[in-house]
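The structure presented is a predicted model; accordingly, all values stated were derived computationally and were not measured. Chain A is the first sequence line, chain B the second, and so forth, proteins listed ahead of strands; every chain is numbered from 1.
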Amino acid sequence: MGVFIYDSTWTGFLSTIFEIFERRVRPVNITTVGRYMPDVFAQPLHVTTDEVKAERVLAGIAKKISAPAVRKLYACFLSELPGIENTLYAYIRLVFAMKESPERAYADPDVLRVSQVDKMVHREKHRMEAFVRFQLTSDDLYYAAVEPDYNVLPLILNHFKRRYADQRWLIYDLRRDYGIYYDLKTVEEVTLSFNDKSTGSEPSIPLFHEEEALYQALWKDYFKHVNIKERKNDKLHLQHVPKRYWKNLTEKFNLLMW
Amino acid sequence: MSERIREKLQILTDAAKYDVSCSSSGSSRKNKNKGLGDTGNGICHTYTEDGRCVSLLKILFTNVCIFDCAYCVTRKSNDIKRVAFTVQEVVDLTLNFYRRNYIEGLFLSSGIFKDADHTMERLVRVAKKLRKEHNFNGYIHLKSIPGASDELMHEAGLYADRLSINIEIPTESGLKLLAPDKDHKEMFRPMNYLKNEIILKKEEKKLFRKAPLFTPAGQSSQMIIGAAKESDKDIMYTAAKLYTGFNLKRVYYSGYVPVSNDRRLPGLGSAVPMVRENRLYQTDWLMRFYGFGVKELLNDANPHLDLDIDPKLSWALRNLSCFPMDINKVSLHEILRVPGIGMQSAHKIVAARKFQKLNWDHLKKIGVAINRAKYFITCGSRQFESRDLSAMKIKQFILGGSASKYLKIAQQQLSLF
Ligand code: SF4
């Protein structure tokens, strides 16, 4: 078995596919630096991430399947699920082996899996588009912290850029420790250095705009009063707003946490 | 100051919450010139503890009302505190909620505080200010006030994504009894005006791409369920008339929540008819997306929907002669009529069977509820239900197989199919 280790980026993954096809290795196991478990029998190959090779693979795939189907592969990749690379590889093999695009051959297990994982990732994308809660800071930045199950910031970027074109905003993925920041012109990927407590020179409490507390209170009032008590349905409520998201939802956390 | 606005918001939210429509879809307003907001498929930003989608800031402009509709908390004779927002207050709330990604936009309704035109004028002013002064492109849903002038309705159409008039009571006699100030015909007048105007503006838009949007998400309405002793047939025939006669985009069904001990109505403490409400929504979906005619689902022989099984299964059991269908052969249209097969599965079946004949295993993986569908279809497996079962037996098997599950769900809000 050929074991391939890559740097966990999309370009790195596509470079890996290139290497596998070029070396005609089968069967394979694709894994990331972080996930690889050393194994005495395997001699893993560390793939070098290569833009040009990645481009060639992507172009080859795009020639055979529809644009939405290509986006599905990318979405699956962002799931970061263990082993998803092997599913994607199997799918891509099928793409190159078949005359017709296999994207709708749902009776094939890998095709079905891609369609299912894509759905899971998109569900998380929609959740984040819904659950981002901006808080206005004293320097007029709308800031939101999120902790999505999958790495969906690349998928929600355009939505927020289109919608909030006239305000500066930052959405930060606490789990993956990076964010996307819009400065009224473009969106960039950023990493924050939260003030280290040990240095202790600057206050780590963010300064919120003077109106922020009022609007959070109003939103909580609204959330409470729009509810119809006679129709209470906790199960349905929890199904739509699972508890793990609560800590970043204004209507769910306690007022004035700062 | 902040206490005052909080009190108003609390009261005017409480008064607006019985209007169940909270949809923010059906419009595709673009964000122009780096303004604020856009509309698209509509996002539920959160869910209330009763499990309903929160997508819009849904409030009354005022709960002062000159009418006395028995089923409404805002009715004139109810002894409650009355308040009113200013135009600026509604605008500020909308913008600040929107910028924080709490909402998709505003749904503004109102008690009728002086007459129809005064009320409508105030709603239009809020929308105009948002659009013109703040370049706001989020979703705006305004209530059409029955009796408002055509000029005001026209202006409303220019700024709103959706306009709605709630029929509330499906029959004319029921309306007379419960809302004596309301005139059945007056309610349909603005609806009809808007319908014609929307058609006209769509034609214009085809000719001149620059023509302004006019109520792009169309009109909607709501009926209260279980307040006026109406039958399911009354409700759904009225709904069908709204869809075909007035081109409505959505009709909502809202189980009556008792608000008084008026003898004309179910008393305080009566249960909200939630299962019935859900069956009506399912029927609505079957009409709009699954190609069913309302007369197939409800008629003089069957004026009420079954509460224990969904309307598609009821229909199938009444029409066993249409089955079994060969899943590898019949059209999409026919597949959609099979109990246990939803919209997505139906499309997947049609796509996947081009590559190979489908068997039970494939169907299961695609997401078909085999324990229901198996009585109605054949496929590329040798085994299928060959007994000649009666409708009664099939119903028993299906309910028996999922009895405990059914009971559990019945208390919750049911999902669609
Ligand atoms: S007119 Fe509207 S707000 Fe006034 S009582 Fe009737 S339903 Fe309620």
Side-chain angles (χ1 to χ4, degrees), chain A residues 100 102-109 111-112 115-116 126 129-136 142 144 159-167 169 171 184 211-219 221-241 249-252, chain B residues 2 5-6 9-14 16-18 22 30-31 33-38 40 43-55 57-59 93 96-97 99-102 135 137-138 255 257-258 271-272 274 348-349 351-356 358 361-362 365-366 411-413:
Chain A
E100 244 182 292
E103 63 195 72
R104 285 153 73 79
Y106 297 110
D108 177 276
V111 175
L112 193 65
S115 128
Q116 284 163 344
H126 290 306
E129 286 173 356
F131 291 168
V132 158
R133 293 287 178 270
F134 287 121
Q135 310 189 49
L136 184 57
Y142 285 85
H159 167 79
F160 282 96
K161 188 179 169 196
R162 267 196 308 271
R163 176 163 290 196
Y164 298 108
D166 72 341
Q167 66 190 45
W169 51 259
I171 303 170
L184 299 177
E211 281 189 340
E212 182 55 27
L214 171 63
Y215 281 106
Q216 291 195 13
L218 285 166
W219 174 239
D221 287 339
Y222 179 70
F223 181 71
K224 192 166 144 219
H225 285 268
V226 78
N227 180 45
I228 300 178
K229 280 202 295 294
E230 291 85 343
R231 302 181 61 116
K232 192 171 171 61
N233 189 339
D234 287 330
K235 214 174 190 172
L236 198 63
H237 173 64
L238 282 178
Q239 185 187 319
H240 287 305
V241 192
L249 287 174
T250 314
E251 63 272 26
K252 286 295 186 185
Chain B
S2 83
I5 186 80
R6 285 186 64 178
L9 179 65
Q10 290 165 6
I11 292 174
L12 295 171
T13 302
D14 262 324
K17 69 185 171 194
Y18 299 101
C22 198
K30 298 256 163 12
N31 187 337
N33 307 325
K34 286 226 167 186
L36 173 64
D38 57 6
I43 297 172
C44 292
H45 284 273
T46 189
Y47 288 80
T48 52
E49 282 168 12
D50 56 30
R52 289 178 309 146
C53 163
V54 179
S55 129
L57 170 61
K58 178 165 57 181
I59 46 178
L93 275 172
N96 277 287
F97 277 16
R99 288 193 181 284
R100 286 167 177 77
N101 204 42
Y102 297 164
N135 195 0
N137 305 294
V257 180
V272 183
M274 285 173 44
K348 277 198 172 150
I349 287 169
R353 71 184 182 187
K354 286 190 194 134
F355 294 90
Q356 64 200 100
L358 304 178
D361 211 33
H362 295 137
K365 288 214 179 95
I366 279 171
Q411 292 153 13
Q412 306 295 333
Q413 195 152 323

Set out, in order, the CA-CA distance, both residues' side-chain angles and the distance that settles side-chain contact (heavy atoms from CB on, under 4.5 Å) for Glu212(A) and Asn96(B), then state yes or no.
CA-CA 9 Å; Glu212(A) 182 55 27; Asn96(B) 277 287; over 6 Å; no

Whether Arg163(A) and Asp38(B) form a salt bridge (side-chain N of Lys/Arg under 4.0 Å from carboxylate O of Asp/Glu) is what I want to check.
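Looking at Asp38(B) and Arg163(A), the cut-off is met.
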
Do Asp166(A) and Arg99(B) sit within salt-bridge range, that is, some charged N less than 4.0 Å from a carboxylate O?
yes

I'd like to know if the side chain of [X] reaches the main chain of [Y], judged simply by a donor and an acceptor atom lying under 3.5 Å from each other, with no hydrogens or angles considered.
X         : Y         : answer
Arg133(A) : Asn101(B) : yes
Tyr102(B) : Phe134(A) : no
His240(A) : Tyr47(B)  : no
Arg52(B)  : Val226(A) : yes
His45(B)  : Ala130(A) : yes

Nearest-0.5 Å distance that lies between atom [atom1] in [X] and atom [atom2] in [Y]:
X         : Y         : atom1 : atom2 : answer
Tyr222(A) : Leu12(B)  : OH    : CG    : 11.5 Å
Glu100(A) : Lys354(B) : CD    : NZ    : 8.5 Å
Leu112(A) : Lys365(B) : CG    : NZ    : 7.5 Å

Could you tell me if the side chain of [Y] sits less than 4.5 Å from the side chain of [X], heavy atoms only?
X         : Y         : value
Ile228(A) : Thr48(B)  : no
His126(A) : Cys44(B)  : no
Tyr106(A) : His362(B) : no
Gln135(A) : Arg100(B) : no
Trp219(A) : Leu93(B)  : no

side-chain contact (heavy atoms from CB on, under 4.5 Å), that's the test. Do Leu36(B) and Gln167(A) meet it? Break it down for me.
CA-CA 8 Å; Leu36(B) 173 64; Gln167(A) 66 190 45; 4.1 Å; yes

Heavy-atom closest contact ([X] atom, [Y] atom, distance):
X         : Y         : value
Asn31(B)  : Arg162(A) : ND2-O, 2.8 Å
Asn227(A) : Lys17(B)  : O-NZ, 3.1 Å
Ala351(B) : Arg104(A) : CB-NH2, 3.4 Å

Relative to chain B, which segment of [X] carries a heavy atom at a distance below 4.5 Å: side chain, backbone, both, or neither?
X         : result
Tyr142(A) : side chain
Leu218(A) : both
Glu251(A) : side chain
Gln239(A) : neither

Using a cut-off of 6.0 Å, state whether more than 12 heavy atoms not belonging to Lys34(B) lie near its atom NZ.
yes

Measuring heavy-atom distances to chain A, does [X] have an atom under 4.5 Å in its side chain, in its backbone, in both, or in neither?
X         : answer
Gln356(B) : side chain
Leu57(B)  : both
Leu9(B)   : side chain

Can you list everything that forms a side chain to side chain donor-acceptor pair (under 3.5 Å) with Glu49(B)? Sequence neighbours excluded, please.
none

Of all residues at least two apart in sequence or in a different chain, which pass the side chain to side chain donor-acceptor pair (under 3.5 Å) check with Arg353(B)?
none

Quick one: sort the Phe97(B) and Tyr215(A) rings into parallel, tilted or perpendicular, breaks at 30° and 60°.
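Correct class here is perpendicular.
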
Options Leu249(A), Leu214(A), Val111(A), Leu238(A), ranked by heavy-atom pairs under 4.5 Å with chain B, top entry:
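Option with the greatest count: Leu214(A).
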
Counting heavy-atom pairs under 4.5 Å to chain B, which of His225(A), Glu129(A), Glu211(A), His237(A) comes out on top?
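Highest number of pairs under 4.5 Å: His225(A).
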
